[in-house]
Amino acid sequence: MEKIDLNNKTILVTGHAGFIGSNLVGRLFSEMKGGTVVGIDNLNSYYDPSLKDYRLGKLEGRSKKVNYVSVKGNIADRELINRLFEEYPFDIVVNLAAQAGVRYSIENPDVYIESNVIGFYNILEACRHHPVQHLVYASSSSVYGGNKKVPFSTDDRVDNPVSLYAATKKSNELFAHCYSKLYDIPTTGLRFFTVYGPAGRPDMAYFGFTNKLLKGETIQIYNYGNCRRDFTYVDDIVEGIVRVMQGAPSRRVGEDGLPVPPYAVYNIGGGQPENLLDFVNILQEELVRAGVLPGDYDFEAHKKLVPMQPGDVPTTYADASALERDFGFVPKITLREGLRKFAEWYKEYYGD
């Protein structure tokens, strides 16, 4: 593994107005003692753009030691990406820009191909023509599809995606491997597991549950609450990314005398699957504690236990032992601690 010092580096973060991207940029501001961070985001309307503006607003004025450049644009715009790579000699690229959401991909496949396939291809081509020390990119736990074996390991076969979103993320891993092999570009893919926290994506379950409860609507809990998921707090995800950024796969020659692709893929997950019913119970307790919901709120009247959705799996969680082995990192933030921070943020952001 090649060690990389982040100080005085020039770093590109795509999707920097997104949930993970904005938190990563904020962390880089505090981590780096000099250098440049360039962020690019198209600020699309997949969900309320005002939330993206809010995240970017929180970054303003925080880059005391780092030169910060914010660009509104689409990574599918090849001319723009080439121009950025020509203007800034990027040492590290972190590609977090993507069209997210599994269900949305059924109705709007075009945007997934544009952002997740063409956009990522543009990033790879730019890294090819303007060599970088390390390309880190977001994959997803969705690549595991309908795999029955748990915990999910990066050694498992992932040839059966159950959504277009998952297929695009698997394609990212294949493209990256190809470019690592052909052009000796060090690449690391990160399969994220159910990321949550303040200012997260409104289409995620914990956010949607909160909105529905506040409106007095009923939330549906699948598999009668017996689903188990690997919830990962955003600060733990960012910690994992920052550590991985500093350790690029080594360029080396194999036993056959040919170059070994400097390519790696890791899971980043809590490693502790949580029962969905427990998750909902903690969420409701923290919403009451934060004053989002009144203390006498009748939760039983607003939740409905329902059967499993077709195609869903009862348990998904990460085998993140490789991340611990190579980077000494284990996610630490508990579900209650993370949901407390979310509930407090929700109260502050949306008010009464």
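Shown here is K72, whose NZ atom has no more than 12 heavy atoms of other residues, nucleotides or ligands within 6.0 Å. Open room surrounds NZ on K212; 12 or fewer heavy atoms of other groups in view lie less than 6.0 Å from it.
Remark: side-chain polar atoms of Y297 are paired, donor with acceptor, to backbone N or O of L213 under 3.5 angstrom. Panel note: side chain D236, backbone K332; a donor-acceptor pair is recorded below 3.5 Å. Remark: side-chain polar atoms of R128 are not paired, donor with acceptor, to backbone N or O of Y179 under 3.5 angstrom. In terms of modelled atom types and a separation under 3.5 Å, the side chain of N172 and the main chain of T168 share a donor-acceptor contact. Here the side chain of S30 pairs a donor or acceptor atom with the backbone of R27 at under 3.5 angstrom. S180 contributes no side-chain N or O that, together with a main-chain N or O of P261, makes up a donor-acceptor pair within less than 3.5 Å. A donor-acceptor pair is defined here as one N or O able to donate and one able to accept, closer than 3.5 Å; such a pair exists between the side chain of R55 and the backbone of A199.
Using a cutoff of 4.0 Å between basic side-chain nitrogens and carboxylate oxygens, K341 and E286 are not scored as salt-bridged. Between R289 and E285, no side-chain nitrogen of the basic residue sits less than 4.0 Å from a carboxylate oxygen of the acidic one, so the salt-bridge criterion is not met.
Screening residues 272-283 for side chain to side chain donor-acceptor pair (under 3.5 Å) gives N281-K303 as the qualifying pairs, with residues at least two apart or on separate chains.
Considering only residues two or more places apart in sequence or on other chains, N160 meets the side-chain contact (heavy atoms from CB on, under 4.5 Å) condition with none of them. Looking at residues two or more places apart in sequence or on another chain, you find no side-chain hydrogen bond (donor to acceptor under 3.5 Å, both in side chains) involving K169. R62 pairs by the side-chain hydrogen bond (donor to acceptor under 3.5 Å, both in side chains) definition with nothing, not counting sequence neighbours. Here S321 pairs with D319 under the side-chain hydrogen bond (donor to acceptor under 3.5 Å, both in side chains) rule; sequence neighbours left out. The salt bridge (Lys or Arg N to Asp or Glu O under 4.0 Å) search around K149 returns D156, not counting sequence neighbours.
Of the inter-residue distances, the one linking S63 atom OG with F29 atom CZ reads 4.5 Å to the nearest 0.5 angstrom.
Checking T14 against N95 by side-chain atom types alone, a donor-acceptor pair falls below 3.5 Å. In this structure, a donor-acceptor pair under 3.5 Å is absent between the side chains of Y350 and N211. There is no side-chain donor-acceptor pair under 3.5 Å between E2 and S250. Residues S105 and S163 bring no donor and acceptor atom of their side chains to less than 3.5 Å of each other. Side-chain atoms of E31 and N7 include no donor-acceptor pair closer than 3.5 Å. Side chains of S22 and H16: no donor on one and acceptor on the other come within 3.5 Å. Residues K52 and N44 have side chains that bring a donor and an acceptor to within less than 3.5 angstrom of each other.
Close placement of the Y349 and Y54 rings is indicated, their centers lying within 6.0 Å of each other. Taking the six-membered ring for Trp and the full ring otherwise, F327 and Y266 have centroids separated by under 6.0 Å. Between F120 and Y137, the ring center distance clears the sub-6.0 Å criterion. Between Y206 and F231, a ring centre-to-centre spacing not shorter than 6.0 Å is recorded.
The residue from F209, W345, Y233 that alone fulfils the ring-ring contact (aromatic ring centres under 6.0 Å, His included) condition with Y196 is Y233.
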